*Asks:* 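Dropping a structure here in structure tokens format, bear with me for questions.
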Amino acid sequence: QVRLVDSGGGSVQAGGSLRLSCVASGYTRSRYCMGWFRQAPGKAREGVAIIDSEGGTSYADSVKGRFTISRDNAKNTLYLQMSSLKREDTAMYYCAADFGWPGGSWSCTTSWPFGDWGQGTQVTVSR
């Protein structure tokens with residue numbers, strides 16, 4: 001059983017920054033595929049950024065150059081540093097994890113069938 005707790009959301013003006021955190025507890029392992037997703041009202045959930053235990057990262061085109069995903073393995077914490085925020089970044093943000101990811105030829109992407117999700121943290125960007 002894995003528990004993910006998201007935090008760090010809030011209200012910010014366009015151009016500002018926020019850092020989201022996701023603390024994992026329970027049956028975590030050193031090999032993982034983790035990511036941040038978001039969902040705005042009336043829209044489908046979309047993948048924002050992905051990181052795996054082999055050092056791979058990837059980003060949605062809409063956030064490249066503005067968002068950075070990272071993980072502190074010692075603290076079992078996933079981060080999403082968001083800068084130059086835009087109004088269209090407004091959404092509920094969720095972290096997701098799979099600590100059973102096999103690695104190797106199995107790509108860690110936003111399409112990975114994540115089984116563990118955080119409760120979400122709201123990000124609101126105003127003009």
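Source: prediction; values computed, not measured. Positions are given from 1, in the same order as the sequence printed here.
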*Asks:* Please find the pair of heavy atoms, one from Leu20 and one from Gly9, that lie closest to each other, and give the distance.
*Replies:*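 Minimum heavy-atom separation between Leu20 and Gly9: CD2-N, 3.6 Å.
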*Asks:* Is a side-chain donor or acceptor of Glu54 paired with a backbone partner of Gly104 at a separation under 3.5 angstrom?
*Replies:* yes
*Asks:* How close do Ala60 and Gly47 get, heavy atom to heavy atom, and via which atoms?
*Replies:* CB-O, 3.5 Å
*Asks:* Could you give the distance from CG (Asp6) to CD (Gln122), rounded to the nearest 0.5 Å?
*Replies:*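 Interatomic distance, Asp6 CG to Gln122 CD, rounded to 0.5 Å: 12.0 Å.
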*Asks:* Output yes when a side-chain donor or acceptor of Thr57 lies under 3.5 Å from a complementary backbone atom of Ile51, and no otherwise.
*Replies:*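 Side chain of Thr57 to backbone of Ile51, a donor-acceptor pair under 3.5 Å: no, none is there.
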*Asks:* Do Tyr79 and Leu18 belong together in a cluster built from hydrophobic side chains that touch within less than 4.5 Å?
*Replies:*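 Result: no, two separate clusters.
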*Asks:* How many angstroms lie between OG1 in Thr68 and CZ in Arg66, if you round to the nearest 0.5 Å?
*Replies:* 11.0 Å
*Asks:* Side chains of Asn73 and Tyr32: is there a donor and an acceptor less than 3.5 Å apart?
*Replies:*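 A donor-acceptor contact under 3.5 Å links the two side chains.
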*Asks:* Please name the pair of heavy atoms, one in Ser84 and one in Ser17, separated by the smallest distance, quoted to 0.1 Å.
*Replies:* N-OG, 4.4 Å
*Asks:* Please test Met92 against Val123 for side chain to side chain contact (heavy atoms under 4.5 Å, CB included), starting from the C-alpha separation and ending with a verdict.
*Replies:* CA-CA 6 Å; Met92 184 71 80; Val123 172; over 6 Å; no
*Asks:* Is the CD atom of Glu88 crowded by more than 12 outside heavy atoms at less than 6.0 Å?
*Replies:*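 More than 12 heavy atoms, drawn from other residues, nucleotides or ligands, come within 6.0 Å of this atom.
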*Asks:* For the residue pair Ala24 and Thr28, what are the closest heavy atoms and their distance?
*Replies:*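 Scanning both residues, the minimum pair turns out to be CB-CG2, 3.9 Å.
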*Asks:* Taking only Lys NZ, Arg NE, NH1 and NH2, and the carboxylate oxygens of Asp or Glu, determine whether Asp89 and Lys86 approach each other closer than 4.0 Å.
*Replies:* no
*Asks:* Shortest non-hydrogen contact from Ser53 to Ser30?
*Replies:* CB-O, 3.3 Å
*Asks:* Given the rule in the side chain to side chain contact (heavy atoms under 4.5 Å, CB included) test, do Met34 and Cys95 qualify, once you have shown the distances and angles that lead to the verdict?
*Replies:* CA-CA 7 Å; Met34 300 185 74; Cys95 71; 5.6 Å; no
*Asks:* Can you tell me how far apart CZ (Arg29) and CG (Asp98) are? Round to the nearest 0.5 Å.
*Replies:*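 Atom-to-atom, Arg29:CZ and Asp98:CG are 9.0 Å apart.
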*Asks:* If we only count heavy atoms from C-beta on, is the Cys22 to Tyr94 side-chain gap below 4.5 Å?
*Replies:* no
*Asks:* Within the 4.5 Å heavy-atom criterion, are Val63 and Arg38 side-chain neighbours or not?
*Replies:* yes
*Asks:* For residues Lys75 and Ser21, determine if any side-chain heavy atom of one lies less than 4.5 Å from a side-chain heavy atom of the other.
*Replies:* no
*Asks:* Donor-acceptor pair, Thr90 side chain versus Arg87 backbone, under 3.5 Å?
*Replies:*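 Yes, Thr90 side chain to Arg87 backbone: donor-acceptor pair under 3.5 Å.
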*Asks:* Please examine the side chains of Val23 and Arg3, heavy atoms only from C-beta on, and report whether any two atoms are closer than 4.5 Å.
*Replies:* no
*Asks:* So, Phe37 versus Trp117, ring centres under 6.0 angstrom or not?
*Replies:*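 Ring centres of Trp117 and Phe37 closer than 6.0 Å.
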*Asks:* Which class fits the ring pair Tyr93 and Phe67: parallel under 30°, tilted 30 to 60°, perpendicular over 60°?
*Replies:* tilted
*Asks:* Does any non-hydrogen side-chain atom of Asp116 lie less than 4.5 Å from one of Tyr27?
*Replies:*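 Side-chain contact under 4.5 Å: no.
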*Asks:* Check for me, please, whether Ile50 and Trp101 land in the same ILVMFWY cluster - side-chain distances under 4.5 Å, paths through other members count.
*Replies:* yes
*Asks:* Main chain of Ile69, side chain of Tyr59: is a donor-acceptor contact present, judged purely on distance under 3.5 Å?
*Replies:*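 Checking the backbone N and O of Ile69 against the side chain of Tyr59, a donor-acceptor pair under 3.5 Å is found.
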*Asks:* CZ/Phe99 to CG/Leu4 distance, rounded to the nearest 0.5 angstrom?
*Replies:* 6.5 Å
